[in-house]
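Working notes, beginning with the structure itself.
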Amino acid sequence: MSKPTSGDFTKTPGWLDWYEGPAKPAFQVPPGSVDAHCHVFGPGAQFPYAPERKYTPCDASKDQLFALRDHLGFARNVIVQATCHGADNRALVDALLHSEGKARGVATVRRSVSDAELQALHDAGVRGVRFNFVKRLVDFTPKDELMEIAGRIAKLGWHVVIYFEAVDLPELWDFFTALPTTVVVDHMGRPDVTKPIDGPEFELFLRFMREHGNVWSKVSCPERLSVSGPPALDGERNAYRDVVPFARRVVEEFPDRVLWGTDWPHPNLKNHMPDDGLLVDFIPHIAPTAELQKKLLVDNPMRLYWPEEVK
Ligand SMILES: O=C(O)c1cc(C(=O)O)oc(=O)c1
């Protein structure tokens with residue numbers, strides 16, 4: 001893979017580029033596995049970053065993503081629109097169209113999107129929209145606008161992906177539980193893993209899933225959530241131990257509503273960039289049986305993103 005650039009853009013100071021030359025995972029993912037959370041960035045020279053973005057990344061192209069997919073042993077990707085592209089989904093659509101059917105997408109749209117534009121996104125392989133509530137990443141969008149979008153995309157059979165911090169769940173609860181579609185939570189709702197797993201904050205998240213059968217969770221991003229480490233670097237195959245009990249609890253309690261993704265190219269990490277090969281070795285720690293692994297990596301993402309292939 002070639003060295004990351006950013007076109008004519010200047011990367012955010014302190015930006016960490018994705019890891020070059022990842023290890024071969026020791027854990028072999030089951031055939032047909034889906035990396036259900038990853039992004040493309042630009043390249044900026046071809047697909048400029050959005051004026052309203054909160055960070056400027058290094059480029060991370062579709063070809064680099066597809067090379068990583070093959071290297072890690074995955075069969076497919078779900079590419080999630082990154083906030084640095086705002087509601088300009090061109091880089092995402094370009095990646096989907098060049099994936100030979102091996103990628104589906106989650107877009108970001110505004111209220112002004114036309115039905116024809118939604119249909120074009122659908123034809124390219126988009127199956128969801130992302131609503132982001134993380135304040136360092138996006139400006140506030142009124143909830144009535146989001147609910148209107150949710151109502152429109154529900155008719156296409158799409159779902160809503162939500163990204164928020166654990167402390168904000170109480171305030172967002174009524175909105176989330178009123179959404180008319182399947183709802184997929186990014187990165188387990190970002191629990192504070194220094195708090196007890198059976199404390200009120202994580203319990204609220206579990207209750208959110210328990211009481212609402214339409215809510216799914218990505219058990220991804222231990223590299224963001226971990227405080228103790230050790231990082232997935234230098235051959236470490238037992239990384240981010242403080243995140244394991246949280247993710248494993250979600251996988252074991254809701255085995256049919258969990259997804260896993262690399263989160264490549266890992267935007268906004270501050271203290272290290274994981275080796276994606278070693279990150280894959282996190283999976284058997286949170287999904288310890290072959291049955292749980294197949295649901296997490298194959299059955300669940302296929303049901304959500306390629307339902308026409310699941311009978
Ligand atoms: O925590 C983050 O910084 C982050 C950012 C984005 C994005 O900018 O889209 O996506 C993610 O999944 C995570």
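Counting convention: from 1, in listed order, for ligands and their atoms alike.
In summary, Glu309 and Arg76 engage in a salt bridge, as defined by a charged side-chain N under 4.0 Å from a carboxylate O. Between Asp263 and Lys218 there is no salt bridge, since no side-chain nitrogen of the basic residue lies less than 4.0 Å from a carboxylate oxygen of the acidic one.
Comparing Arg130, His39, Gln81, Lys270 against atom 9 (O) of ligand 1, the shortest heavy-atom distance belongs to Arg130.
Contacts between Asn268 and ligand 1 below 4.0 angstrom, taking non-hydrogen atoms only, involve the side chain exclusively. Residue-level proximity to ligand 1 for Asp263 is carried by the side chain, the only part with a heavy atom below 4.0 angstrom.
Close approach of ligand 1 to Tyr55 is summarised as follows: ligand atoms under 4.0 Å from at least one heavy atom of the residue are 7 (C), 8 (O). Atoms of ligand 1 lying under 4.0 Å from at least one heavy atom of His37, given by number and element, are 12 (O).
Closest protein heavy atom to atom 6 (C) of ligand 1: Pro267 CG, 3.8 Å. Summary of contacts: the protein heavy atom closest to atom 5 (C) of ligand 1 is Leu137 CD1, 3.5 Å.
Asp88 has its side chain out of reach of Phe47: every pair of non-hydrogen atoms, C-beta onward, lies at least 4.5 Å apart.
The shell of residues lying under 4.0 angstrom from ligand 1, judged by heavy atoms, excludes Lys54.
No N or O atom of Asn132 sits closer than 3.5 Å to an N or O atom of ligand 1. Considering backbone and side-chain atoms alike, Asp186 places every N or O at 3.5 Å or more from each N or O of ligand 1.
Every ring-ring contact (aromatic ring centres under 6.0 Å, His included) that Tyr240 has, sequence neighbours left out, goes to His272. Shown here are the salt bridge (charged side-chain N to carboxylate O under 4.0 Å, His left out) partners of Arg104, two or more places apart in sequence or in another chain: Glu308.
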Side chain to side chain contact (heavy atoms under 4.5 Å, CB included) between Asn89 and Leu121, worked out: CA-CA 9 Å; Asn89 296 290; Leu121 288 170; 4.1 Å; yes
